[in-house]
Amino acid sequence: MNAVLGRRVTRLEDRPLLTGCGRFAGDMVFEGQLYMRIARATCAHGRIAAMHLDAAKALPGVVAIWAGDDIADLPPIDFRDPAATALAPYRQTILARERVRYIGEPVVAIFATDAYIAEDAAELIEIEYDEYPVTLDASGPLGEFAPGLQTEPIMLEQGYGDIAAAFARAHAVIELTLKIGRHSGVPLETRGAIGRYDAANDILELHGAAKVPHRNQEAMARFFGRDHAHLHLHEGHVGGGFGIRGELYPEDFLVCLAALRLGRPVKWIEDRREHLMAANHSREQEHHIRAAIDKDGVVLGLEDEFFHDQGAYIRTHGARVVDLTIGMLPGPYRIPAYRAKGHMRLTNKTPAATYRSPGRYEGSFVRERLMDAVAGRLGLDPIIVRQRNLVPKDAMPYARGLGALGTDVVLDSGDYAGLLDKALKRFDWRGRQAAIQARRAKGEYVGLGICMFVEKSGLGPKDGARIGVLPDGGIEIVTGSASLGQGVETALAQIAADTLGVDYRSIRVIHGQTDRIPYGIGAHASRATVLTGNATHQAAILLRETIMKAAADLLQLPVASLLIRDSIVSAREGGHGPSISLRDLAVQMPDALHSEGWFHTDHMTYPYGVHLAQVCLDAETCLTKVESYLVAYDVGRAVNPAMVEGQIAGGFAQGLGGALYEEFRYDERGEPLSVTFADYLIPTLHEVPALDILVTEDAPSPLNPLGIKGAGEGGCTGVGAAIASAVADALQKPEAVKTLPITPQRLRNMLRGPA
Amino acid sequence: MSETRSISLTVNGRAVAADVEVRLTLADFLRQNLRLTGTHLGCEHGVCGACTILLDGRSARSCLMLAVQANGHAITTVEGLAPNAEQMHPLQIAFQEQHALQCGFCTPGMLTTLTELLRDNPDPSAAQVREAISGNLCRCTGYNSIVDATLQAAKKLREGVPG
Ligand code: FES
Ligand code: FES
C-alpha cells in the first residue's frame, strides 16, 4: 500500500508543544512536593575536612539535609551492562564520601518546601577541604584515584592483520598527534527528576525519565533492592537528549530515596550552571596515530594509541566510548592491518559518557586528518586517496575483524564510492575548486574539506511492541521506546498505518512508561526506528491478520477479498459490498483485536555518509566562516524524509559547535571555566549556515524487513573532520589542524605560528 | 521570608491579581502561580530565549524580570497565541508543516519572538528573520527550518489565509 511510509507527513508530537501544553519535568506538580537543591563540591580534588550545616538546617522551610554519611548504606551507581571488574571501584556514590573529585560533585542534598528556600539554604552551607593535587591531563603521568588505585582503570586493545609486516613494507609512515575537545549534548532543557512514593500500592516512581526507561528501571530496582513491579519510571516531554539526558545520575536516586524517606514527592530541576558541571561531558581524547602507506596512498596498516579523558568517575556506560572509538575508527576504508589501544583515564573533571556519535565524531576526525595528511605527503588529491582506500560495494557484507558494543562489526551494505560521487556532484566540488583558486589568488583563505564515515545503528538483541484497536476504533501502539524530540511517535505510527490501512493520525503511541509494558530498549544509539520500528511493523502485520479474519467471519467473505482503508474493512472489488469499521469490529470483539510483535537481530546495521564543507578564514579576527556545507547520508530507507533531514540538520549544528566553538575548559586548579551559555558557546543562527542535505536510500539494510538504518547521528559524526579538513585546505597546510575545536586562538596560531 | 507585594496585570487577555514575593521572577510567577508552563526556562540568565514572552507586545525575557515589574502590564505567553482551542496561529501551523521543532523546548520563545517580528514587519527577508531569532538558542533543529516556517507564515498572513 505504501500510503504513508516514506512520506514527509507532519508530526503527531507537535500540537501540544506548539500551544504550550507540553509536560516537561519542570512542569509537573505533585501535591505536597518538596524541592531538592544540591550543594556541590567547590574543590576539584580533596578530602572533606569539615561541614557546617547548622545555619541551613535552621532555615524555616528546610525539611531535611543529607550528607554522604546519612546515606552510607547505599551502593554506588552501577553500570547498566556488565563491565570489567577493574572498573567497579571507580563508580560514583550519590553523595560524596570523604573525598571529592570534581567541582560540581554532589556533596549535600537539601530538601525544602520551596525552591527559593532550598537555594537559600544551599548558600548557607560551608564545606572545608584539604586539597589534593589535581589530575587534568589524561595523557600525562598517572595520578591517584584512591589509595592503591591509579587513574587508569583499564586499557582496551583490539586489532587484526599483520601490523608489523605492513610497517615493514611501507613506502612511508605518517604520524600525527590529534586532540578532540571536551563537549557535550547540552540539551536546551536541563535535567529534572521527581521522585514520588505511592504508599498505598508500595510503588516508587521516578518522573522525568528519558532515553532508556526500562534499562534504568532495572538498574534502580537493583539499587533500591525493590522488585520491578514496585518501581516505575515515567517519561514526559523531554527537551532534547543527545545521549546525555536520561542517563542515571546521583540526583535521580536522591529524589527517589528522599520520596521514600521523607514521605513526600521530591522535585529537582537543574539550573544551567549545574548542568554544565554535573551532567555528562564527552569526547575529550588525545590520539597518537601512525599509518603505513604505499606510494599510491593506500593505507597498509594503521596503529593508534589514545587517551580518553573520562573525568572523575566511571558512570553507567562503563568503557563504552573507548570501545566504540576503537571498533569504528577504520570507517569506510579497507585498512588491511589495524591495531588500537585506548587508555581510559580518570581526571578531576566532570564525568564523561556518550554524546551523539560517541567515538565516531572523535575517530572520524582522527582518520580523516590522516587521509588528508597522506594526500599532502604524496602530493595527491585527497579525494583520490580516499577512493583508493574505500571498501568496495561488492565486498559487502564486510567483516571488519573488530567488535563494538559486544557484537562483531560487519558492514551490512553500502556503496561508499557511489555516495561520494553523488555528493561531489551535488556540491559541485570541481567547480568550487576552480572558484577557490581565483579567490586565493586575491589573498583569501578559502578551502574545501571532506569527511567520509560509517555510522552504526540498530544494536540488538531485540525489541517488541504491542498494538491494538481501542474501543473507539483508534489504534494504540504500546512500546518501551523513548521520545527525546526525534519524532518516534510519528515514525512508529507511519509504519503501523501503512500496514493497517488507517490514517496515521488515528494512532496513539505510548512510550517511556514502564508500567504499560514490561520491556523496551528506549531511544539511544539510533536504535529506536530500527528495532522498535520493525517490531511495530511485525505487530501490525499480525494485527492486520486478526482483523481480516474477524471481519471475514462477520461479513461472510473470504479474507483474500478484503482490504482495510481509512479504518474500514470492505470488499476489495466494487464500492457497494458489505463493510465494517474497525470501531464496530472492536465493539463486537473487545478483547480480540491486539497483537505483539518482535524484532530480533544479532548485528548492527551501518549507515554511511559524506560531509563536504567550504570555509573561509578571516585573517583579522581569526574566525572560521562556514560558507557551504553538504551532508550526504544513506539511511537505507527513510520512514519520514523530513524527520531524517531534521535529525541531520540538528546533528550538524551540534557537530559544528564541537568543531569551532564548544569546549569545557578548566583552570589549573580544576575550576570549570565554561559554566554559563556565555562561556560554553552553542551555535546560534549566526553560526549555523544554510545546509544542503542529500538523503539516499541506495543501500537498504538486509538485516531488517523494512531495510531501515538509524538516522540520528550521521549529521553530527563528520562535522569536526570535514571542517578541520577545509580549514587545513584554506591554510594550504594539510597537517595543520590538530585540535578541535578550532577556536580563534588556535586558528591564530596556525595562521601566524604560535605567538 | 522576603517581602511581598500585590500586583495586577493582564495575562493572555485575562485580568490577574496576586500577592507575590518581591524576588519572584516573572517566569516563575507564570509557571508556578498561574500554571502557564508553556514558558520554558533554559538558562535563567538571559541567553537562551526560551522564556521569551510579550510584554505590552514587546518581546522580553521573563527569567530576567521580576513578577512585580509586570504590575500594570499586559503579557502574552505561548498559550495566548492561538486564536482559539481548535485553531492554531499561522506561525504555529507553519512550524508544524516545516518541521521547525523537534523537542519543542525552545519553541515557545521562538514563537513569541517571531510573533513580534511578523507584527512589526509582515514581509521580512530571510536575513531579517535570522536576525530576529539570533538570540534564541535551539539545540535540535539547526534553525533553518524555523526560518523557512516563518517565511511561510508571513506569506500566509499577508494573504489573509488562516494557516
Ligand atoms: S531562560 Fe530566560 S533567557 Fe534563558
Ligand atoms: S526544538 Fe529542541 S531546542 Fe529547539
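Proteins get letters first, then strands, A, B, ... in listed order; numbering begins at 1 in each. What you are looking at is a predicted structure, and each value in this text was computed from that prediction instead of being measured.
- With a 4.5 Å cut-off on non-hydrogen atoms, A:Val238 touches chain B through its backbone but not through its side chain.
- The CG atom of B:Asp28 sits 3.5 Å away from atom OH of A:Tyr116, with the distance rounded to the nearest 0.5 Å.
- B:Ser145 and B:Asp148 form no side-chain donor-acceptor contact under 3.5 Å, judged by distance and modelled atom types alone.
- Residue B:Ser134 touches chain A through both its backbone and its side chain, counting heavy-atom pairs closer than 4.5 Å.
- Contacts from residues 58-68 of chain B to chain A, taken as heavy-atom pairs separated by less than 4.5 Å, involve no residues at all.
- Among A:Gly715, A:Gly646, A:Gly61, A:Ala653, the residue with the largest count of heavy-atom pairs under 4.5 Å with chain B is A:Gly646.
- Between A:His611 and A:Tyr629, the two ring planes are perpendicular [angle over 60°; tilted spans 30° to 60°].
- In this pair, A:Phe24 and A:His237 present their aromatic rings tilted. The plane angle is within the 30 to 60° band.
- No other option in A:His686, A:Gln647, A:His275, A:Arg273 has as many heavy-atom pairs under 4.5 Å with chain B as A:His686.
- Of the N and O atoms on the side chains of B:Thr76 and B:Asn12, not one donor lies less than 3.5 Å from an acceptor on the other residue.
- Residue with the most contacts toward chain B among A:Ala642, A:Cys21, A:Ala678: A:Ala642 (heavy-atom pairs, distance under 4.5 Å).
- For the set A:Met643, A:Glu687, A:Glu645, A:Arg11, the entry with the most heavy-atom pairs within less than 4.5 Å of chain B is A:Arg11.
- Of the listed residues (B:Glu44, B:His40, B:Gln98), the one with the most heavy-atom contacts under 4.5 Å to chain A is B:His40.
- When heavy atoms are compared at a cutoff of 4.5 Å, B:Leu36 does not approach chain A at all.
- With a 6.0 Å cutoff to the six-membered ring centre and a 45° limit on the axis angle, B:Arg130 does not count as a cation-pi contact of B:Tyr143.
- For a residue to count as touching a neighbouring chain, one of its non-hydrogen atoms must lie under 4.5 Å from one of that chain's; by this rule B:Ala85 touches chain A with the backbone only.
- B:Arg35 touches chain A through its side chain: at least one heavy atom from C-beta onward sits under 4.5 Å away, while N, CA, C and O do not.
- Counting heavy-atom pairs closer than 4.5 Å to chain B, the top-ranked of the candidates A:Gln486, A:Arg15, A:Arg23 is A:Arg15.
- Taking chain B as the reference chain and counting heavy-atom pairs below 4.5 Å, the highest number among A:Leu484, A:Ile269, A:Val186, A:Val9 is found for A:Val186.
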